[in-house]
Amino acid sequence: MLIESLLPLGKLDPGLREPDTPLDIRDFARLAKIAEDVGVAAVLVEETKDDPYQLLALGAMATERVQLGTSVAMAFPRSPTATAMSAWSLQKLSNGRFLLGLGTQVRAHIQRRYGLEWHAPAPWMRDYVNAMRAVWNTWQTGEPLKFESQHYNLDVMVPLFDPGPIDHPNIPIYVAAIGPNMCAVAGEVADGIRLHPVCTAKYIDDEVLPNVVRGAARTGRNLNDIEVCLKPLIGTAPDDDRLEKVIETVRARVAFYLSTPSYRRAFEVHGWGEIAREASTLSRAQRWDDLPGLVTDDMLHTVATIATYDGIADKLNDRFADRLDRIEFSIPVNNADDADAYRQILGQLR
């Protein structure tokens, strides 16, 4: 497994809350360099509080080896041509180290935060990815732009807006997915799939991979053609005493996911559908303090991977090494000892 990380390092410890020191765009370049020096394969950003493409431009200028990518950037609020331009520029700037991860967002945010019409997301994402690739092909080869689909019809590209070919034109595209239709679209058109943290090993085996294979068959591909990536729920700490405090935070996050209808399928495969519906009822009543009590120890240790530093790598390997190509993981790195501890864990992950 290739190891990826969000910044600041340690945001995934316990992987469930805002870091003690929130990410500051003015510090991103320095933090990206630290991540590169520690030895992670890729630095990722999420589209939450800062523009992800601007963050990665800062990181590209400060690093030389580490890959740089969006774990999730919102696709639909930007035209495919606009996203194609951002990706093309970052690929040039980073000398071929850019990874483009795209997500859909839910209906309420598309309509009420971005002010767009809502469409079925899986066919929309298929058209979006194919439209971007058509634009890139025109820039790289000089062939006329001609792309027709349900959602996008593109046939104009004049010299003023054509950046021309680049040295590394094959930009990997990853699609964020959890449901069967989007998993299939990822298998059909993407280079990889990025899974939600609530995805357990059983859910990956029973739901994700079969649907990825189903989609891949539409374009004559197989599972080996698609990278499977996950930002797992992780609870870790240097020792047992500190881990106990982390576990309560982990339990609360699992409870939040348990109460969210969009993630219910991941709990139903374990026979926890009724508990998930009860959690949704508590959530609607805003009884937040009662939610963690629904998360049994069995549920907690199935959904989350929990261990001290000296055992976390073995647990992650046992759970995911045969299922994933990329995994997001880090611990806080505030000094040389922290960096050494992180390197030791990285050396054990496989």
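Everything numeric here is computed off the predicted structure, so don't read it as measured data.
Residue pairs meeting the ring pair (Phe, Tyr, Trp, His ring centres under 6.0 Å) criterion with at least one partner in residues 189-218, sequence neighbours excluded, are His196-Tyr257, His196-Tyr263. Pairs of residues two or more places apart, or lying in two chains, never qualify as ring pair (Phe, Tyr, Trp, His ring centres under 6.0 Å) while including a residue from residues 207-250. Pairs of residues two or more places apart, or lying in two chains, that qualify as side chain to side chain donor-acceptor pair (under 3.5 Å) and include a residue from residues 91-103 are Thr63-Arg97. Each side chain to side chain donor-acceptor pair (under 3.5 Å) pair with one or both residues in residues 109-119, not counting sequence neighbours, appears once here: His109-Arg113. Note on residues 65-82: pairs passing side chain to side chain donor-acceptor pair (under 3.5 Å), not counting sequence neighbours, are Glu47-Arg78, Gln67-Arg326.
Residues Tyr53 and Ser89 have side chains that never bring a donor and an acceptor to within less than 3.5 angstrom of each other. Side chains of Arg214 and Asn211: a donor-acceptor N/O pair is present below 3.5 angstrom, by distance only. There is no side-chain donor-acceptor pair under 3.5 Å between Thr281 and Arg287.
Taking the ring-ring contact (aromatic ring centres under 6.0 Å, His included) definition, one finds that Phe76 meets it with Trp124, sequence neighbours left out. Residues satisfying the side chain to side chain donor-acceptor pair (under 3.5 Å) criterion with Asn317, sequence neighbours excluded, are absent altogether. Legend: residues meeting salt bridge (charged side-chain N to carboxylate O under 4.0 Å, His left out) with Asp297, ordered by chain and number and at least two apart, are Arg251. Under the rule for a side chain to side chain donor-acceptor pair (under 3.5 Å), the partners of Asp310 that lie at least two apart in sequence or sit in another chain are Thr308. With sequence neighbours left out, the side chain to side chain donor-acceptor pair (under 3.5 Å) criterion links Gln140 to no other residue. Remark: Arg323 pairs with Ala201, Ile204, Asp205 by the side-chain contact (heavy atoms from CB on, under 4.5 Å) rule, at least two apart or across chains.
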Please tabulate, for the side chains in residues 298-305, all donor-acceptor contacts under 3.5 angstrom to protein atoms that are two or more places apart in sequence or on a different chain.
from, atom 1, to, atom 2, distance (Å)
Thr302, OG1, Asp298, O, 2.7
Thr305, OG1, Arg319, NH1, 3.1

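More than 12 non-hydrogen atoms from other residues, nucleotides or ligands lie less than 6.0 angstrom from CG of Asp239.
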